[in-house]
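Chain naming here is simple, since letters A, B, ... match the order of the sequence lines and numbering starts at 1 in each.
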Amino acid sequence: KAGVTQTPRYLIKTRGQQVTLSCSPISGHRSVSWYQQTPGQGLQFLFEYFSETQRNKGNFPGRFSGRQFSNSRSEMNVSTLELGDSALYLCASSRTVSGNTIYFGEGSWLTVV
Amino acid sequence: GIQVEQSPPDLILQEGANSTLRCNFSDSVNNLQWFHQNPWGQLINLFYIPSGTKQNGRLSATTVATERYSLLYISSSQTTDSGVYFCAVELVGGTSYGKLTFGQGTILTVHP
């Protein structure tokens, strides 16, 4: 069956713009989480959604937001982009929120110039 | 918050050698996974192993939850094993619900 699908794979944005990233989880998975990976900070948790509700949020400013739709697909949005937002954004899905294998997508590479 | 420490940070091997990667964590967990990050950035799930021992081909993993560590064994390494290996844990309950905390990774280079 299909894995976690993220779009777009690569994008370049200008400071001050906003960006929306999309994630389609594995069929049957209801939990979707997002992570940011940078060389300096490593992999950091952004937020987690289950049944369209945000269940947990990482330590990121309010410019980072997300949502989950009734079909479990998720989007994350970053507004007023800063150079430091350049990163690999990874989406993951699992059957339930906790205590299950988590599977990651290929990621979206964001460059802010 | 929970601390996840991986060792060694870097590892260079000749093809055919064996290796052991270690992950220490500071609190009780209900999820521990090992991942291999490929050159394109995707995290490939190797093991879901909050406790016990599992094997998959040349790879095996052991987690001793009571002593808060996990080990990933790679035998007869191949050049395709090169990349970054991450350990990630999810704490039991509280504010860590649904959240994986990652170690800093071990960069493995296997030379032919």
Report task. Decide whether A:V32 and A:M76 are clustered together by the hydrophobic rule: side chain heavy atoms of Ile, Leu, Val, Met, Phe, Trp, Tyr closer than 4.5 Å, transitively. Result -> yes
Query raised in the report: Quick one: what part of A:L90 sits under 4.5 Å from any heavy atom of chain B, side chain, backbone, both or neither?
Result: side chain
Query raised in the report: Is B:V89 reachable from B:I49 through a run of hydrophobic residues whose side-chain heavy atoms are each under 4.5 Å from the next?
Result: yes
**Report entry** When A:F50, A:Y103, A:F104 are compared by non-hydrogen pairs under 4.5 Å with chain B, the top option
**Finding:** A:F104
Query raised in the report: Do B:V84 and A:L88 sit in the same hydrophobic cluster, where Ile, Leu, Val, Met, Phe, Trp and Tyr count as joined when their side-chain heavy atoms come under 4.5 Å apart?
Result: yes
Report task. Go through the steps for B:N45 and A:I102 under the test side chain to side chain contact (heavy atoms under 4.5 Å, CB included), then give the verdict. Result -> CA-CA 8 Å; B:N45 178 60; A:I102 295 174; over 6 Å; no
Requested in this report: May I ask you to check whether over 12 heavy atoms, not counting those of A:N59, lie within 6.0 Å of atom CG?
Outcome: no
Report task. Show which residues join A:F69 in its hydrophobic cluster (side-chain heavy-atom contacts under 4.5 Å, direct or indirect), or state none. Result -> none
Query raised in the report: Hey, quick one: are B:L108 and B:F86 part of the same hydrophobic cluster, counting side-chain heavy atoms closer than 4.5 Å, chains of contacts allowed?
Result: no
Requested in this report: Spell out, yes or no, whether A:Y89 and A:L11 are grouped together once hydrophobic residues are joined by side-chain heavy atoms under 4.5 Å, including indirect joins.
Outcome: yes
**Report entry** Most contacts with chain B, counted as non-hydrogen pairs under 4.5 angstrom, among A:G107, A:A92, A:G105
**Finding:** A:G105
Report task. Might you confirm whether atom CZ of A:R15 has over 12 heavy atoms from other residues, nucleotides or ligands at distances under 6.0 Å? Result -> no
Requested in this report: Residue by residue, scan residues 19-44 of chain B and write down, ordered by number, those that have a heavy-atom distance under 4.5 Å to chain A; if none do, write 'none'.
Outcome: B:N30, B:N31, B:Q33, B:F35, B:Q37, B:W40, B:G41, B:Q42, B:L43
Query raised in the report: Does any heavy atom of chain B fall under 4.5 Å from the side chain of A:Q6, the backbone, both, or neither of them?
Result: neither
Report task. Take A:N100 and B:Y48 through the test side chain to side chain contact (heavy atoms under 4.5 Å, CB included) and record every step on the way to the result. Result -> CA-CA 8 Å; A:N100 277 264; B:Y48 168 80; 5.7 Å; no
Report task. Answer with side chain, backbone, both or neither: which region of A:F47 has an atom nearer than 4.5 Å to a non-hydrogen atom of chain B? Result -> neither
Requested in this report: Sort A:T101 into side chain, backbone, both or neither according to what part of it lies under 4.5 angstrom from a heavy atom of chain B.
Outcome: both
Query raised in the report: Hey, would you say the B:F102 and A:F45 ring centroids sit under 6.0 Å apart?
Result: no
